[in-house]
Enquirer: 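Okay, here's the structure, questions in a sec.
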Amino acid sequence: MINVQTYGGGLWHTWFDRDLSVAGRVILRDGNGSFIQKLVKVKRPLLRIPTLAIHLDRTVNKDGFKPNVETHLIPLLASKLEETASSETKEKSTTTSTKAAHHPLLMQALSDEINCNVDDIVSIELNVCDTQPSCLGGGNNEFIFSGRLDNLASSYCALRALIDSCKSPGDLASEHAIRMVALFDNEEVGSGSIQGAGAPTMFQAMRRIISCLAEKYVGECSFERAVRQSFLVSADMAHGVHPNFMDKHEEYHRPEMQKGLVIKHNANQRYATSGVTSFLFQEIGKIHNLPTQEFVVRNDMGCGSTIGPILASGAGIRTVDCGIAQLSMHRTPCLEGNRKELPSRRCSVLCNLICYYHSWSLLLPTLTAV
């Protein structure tokens, strides 16, 4: 068994009886006395969290499956080490202390994957992951079945949109704004980390860009003036209406998959969208004939949040919170729509973001005190 910690708010029962492995980074000692970081993913199924047989838990279907995350969510790696380890593995592990922090078989699997000696691994930072590959599914291949859609899907679309909006020299010939994408970690646990949205990294980068471009020709407060003319799209995922649980959505705000990007509203500022920013983003969609939807959580249910309010309040930048409608959020794997009928087979989300990059500078001069 190997010990794990839960991260964020997951649907933990979905991790049982799946072919699991590990991925992350390791720190290695090289031959020069220094240390290097390497990314690693063990592709083969390495772990499993088995459920308890129905014969030993007769009331589970009536009372519900309620695993204890401390005692029931421990992945199984192997039976006793001396019964599973080959003589070669044992020989390689002889230099490892019996009080080592990590299981020798886990360390051996990592060393085999990155082709190094076990003793060269000085530290690890790993996550348990599902080995099932992503795929298209449904009767018309209209669904994407994949883990980690929240929020790799929007992250990919944002980066791809930035690249596609700058493919030819003419794309930037009349551009007066700076196109930018920022990707963060740890949103599910509050963003309070060096790589999270609570860190000043994005605004420091913006300040350096403005200082570099402005040189000595712009007076003081150039950064503050630039921020006031900027617009931030906080792109996350969104709760698509579940056909079996439609009552979980507010009656007139039930986003559907493949029906356009979802603009998210909350009066208690769990989302950063305002009437102004919602209008601006919808207007860009209308200009390019791209659909948008709107989401408001029911008053008798709690509302999630995003990095939008953190970034909006951190610098006073206009922000709209939006997302891609999906089902099965925070479970492994999850589901979203795969819309192919748009030009160049681009999904509507990607088209929305590309048009945003193209249109913001053109829309900005038409605004009056907004």
Side-chain angles (χ1 to χ4, degrees), residues 151 153-162 164-165 175-184 187 197 202 226-240 250 252-267 269-297 303-326 336-337 339 342 346-370:
N151 187 35
S154 294
S155 298
Y156 167 79
C157 287
L159 185 58
R160 176 71 183 273
L162 178 63
D164 287 359
S165 71
E175 180 61 271
H176 301 294
I178 298 169
R179 301 176 184 180
M180 181 176 176
V181 62
L183 309 177
F184 299 97
E187 185 265 348
M202 186 181 82
V227 167
R228 296 300 181 271
Q229 297 183 72
S230 298
F231 193 85
L232 172 66
V233 178
S234 171
D236 200 350
M237 301 301 281
H239 295 291
E250 203 277 331
Y252 299 105
H253 296 89
R254 292 175 172 173
E256 299 179 43
M257 292 189 295
Q258 306 178 20
K259 294 295 180 67
L261 205 58
V262 181
I263 299 174
K264 300 185 279 189
H265 303 261
N266 185 257
Q269 301 303 302
R270 301 291 286 172
Y271 303 129
T273 306
S274 68
V276 171
T277 59
S278 174
F279 160 73
L280 292 174
F281 199 70
Q282 286 178 311
E283 191 68 14
I284 291 174
K286 289 179 181 178
I287 291 172
H288 298 278
N289 197 29
L290 291 168
T292 57
Q293 307 178 81
E294 295 188 272
F295 171 76
V296 178
V297 74
C303 183
S305 190
T306 69
I307 63 173
I310 297 173
L311 296 175
S313 61
I317 187 171
R318 287 173 290 195
T319 302
V320 63
D321 260 304
C322 63
I324 307 170
Q326 73 160 107
E336 73 164 314
R339 190 170 184 174
L342 291 168
R346 288 172 173 157
C347 70
S348 60
V349 178
L350 189 57
C351 287
N352 269 108
L353 296 179
I354 291 173
C355 293
Y356 162 71
Y357 280 123
H358 280 308
S359 303
W360 173 245
S361 292
L362 301 176
L363 188 62
L364 182 61
T366 68
L367 303 178
T368 303
V370 176

Enquirer: For the pair Ser165 (side chain) and Leu162 (backbone), establish whether a donor and an acceptor sit closer than 3.5 Å, ignoring hydrogens and angles.
Expert: yes
Enquirer: Is a side-chain N or O of Arg318 found less than 3.5 angstrom from the main chain of Leu232, in a donor-acceptor match?
Expert: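 No; judged by distance alone, with no hydrogens or angles, the pair does not exist.
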Enquirer: Would you mind reporting whether Met180 and Ser230 have side-chain heavy atoms less than 4.5 Å apart?
Expert: no
Enquirer: Any heavy-atom pair between the side chains of Asp236 and Tyr271 that's under 4.5 Å?
Expert: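 Tyr271 does not reach Asp236 side chain to side chain.
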Enquirer: Tell me, do Cys355 and Leu290 make a side-chain contact under 4.5 Å, heavy atoms counted?
Expert: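 Counting from C-beta outward, Cys355 and Leu290 do come under 4.5 Å.
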Enquirer: Would you say that Ser154 contacts Ile324 through its side chain, given a criterion of any heavy-atom pair below 4.5 Å between the two side chains?
Expert: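 Heavy-atom side-chain distance check passes, below 4.5 Å.
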Enquirer: Roughly how far, to the nearest 0.5 Å, is CG of Asn266 from CZ of Phe295?
Expert: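 Between atom CZ of Phe295 and atom CG of Asn266 there are 9.0 Å.
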Enquirer: Is the shortest heavy-atom distance from the side chain of Pro309 to the side chain of Asp321 under 4.5 Å?
Expert: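 In short, these two side chains touch, coming nearer than 4.5 Å.
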Enquirer: Where the side chain of Thr319 meets the backbone of Ile317, is there a donor-acceptor pair that is under 3.5 Å apart?
Expert: yes
Enquirer: Are side-chain heavy atoms of Glu187 and Asn151 found at a separation under 4.5 Å?
Expert: no
Enquirer: What's the verdict on side-chain contact (heavy atoms from CB on, under 4.5 Å) for Glu294 and Ser278, showing C-alpha distance, side-chain angles and the deciding distance?
Expert: CA-CA 9 Å; Glu294 295 188 272; Ser278 174; 3.8 Å; yes
Enquirer: Is any side-chain heavy atom of Leu280 less than 4.5 Å from a side-chain heavy atom of Val320?
Expert: no
Enquirer: May I ask you to check whether over 12 heavy atoms, not counting those of His265, lie within 6.0 Å of atom NE2?
Expert: yes
Enquirer: Which label fits Phe231 and Phe281: parallel for a plane angle under 30°, tilted from 30 to 60°, or perpendicular past 60°?
Expert: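 Rings of Phe231 and Phe281: parallel, as their planes differ by under 30°.
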Enquirer: Work out which heavy atom in Gly323 is nearest to a heavy atom in Leu261; give both atom names and the distance.
Expert: O-CD1, 3.3 Å
Enquirer: Kindly give the heavy-atom pair with the smallest separation between Ser234 and Thr306, and that separation in Å.
Expert: OG-OG1, 3.6 Å
Enquirer: Return the NZ to CD distance between Lys259 and Glu256, rounded to the nearest 0.5 Å.
Expert: 4.0 Å
Enquirer: What do the steps show when you test Arg270 against Lys264 for side-chain contact (heavy atoms from CB on, under 4.5 Å), and what is the final call?
Expert: CA-CA 9 Å; Arg270 301 291 286 172; Lys264 300 185 279 189; over 6 Å; no
Enquirer: Rounded to the nearest 0.5 Å, how far apart are CD of Gln293 and CZ of Arg254?
Expert: 13.0 Å
Enquirer: Between Tyr357 and Glu175, is there a side-chain heavy-atom distance shorter than 4.5 Å?
Expert: no
Enquirer: Write down the atom of Gly240, the atom of Ala325, and the distance for their closest heavy-atom approach.
Expert: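 Closest approach of Gly240 to Ala325: CA-CB, 4.0 Å.
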Enquirer: Considering all heavy atoms of both residues, which atom of Val227 and which atom of Gly316 are nearest to each other, and what is their separation?
Expert: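 That would be CG1-O, 4.0 Å.
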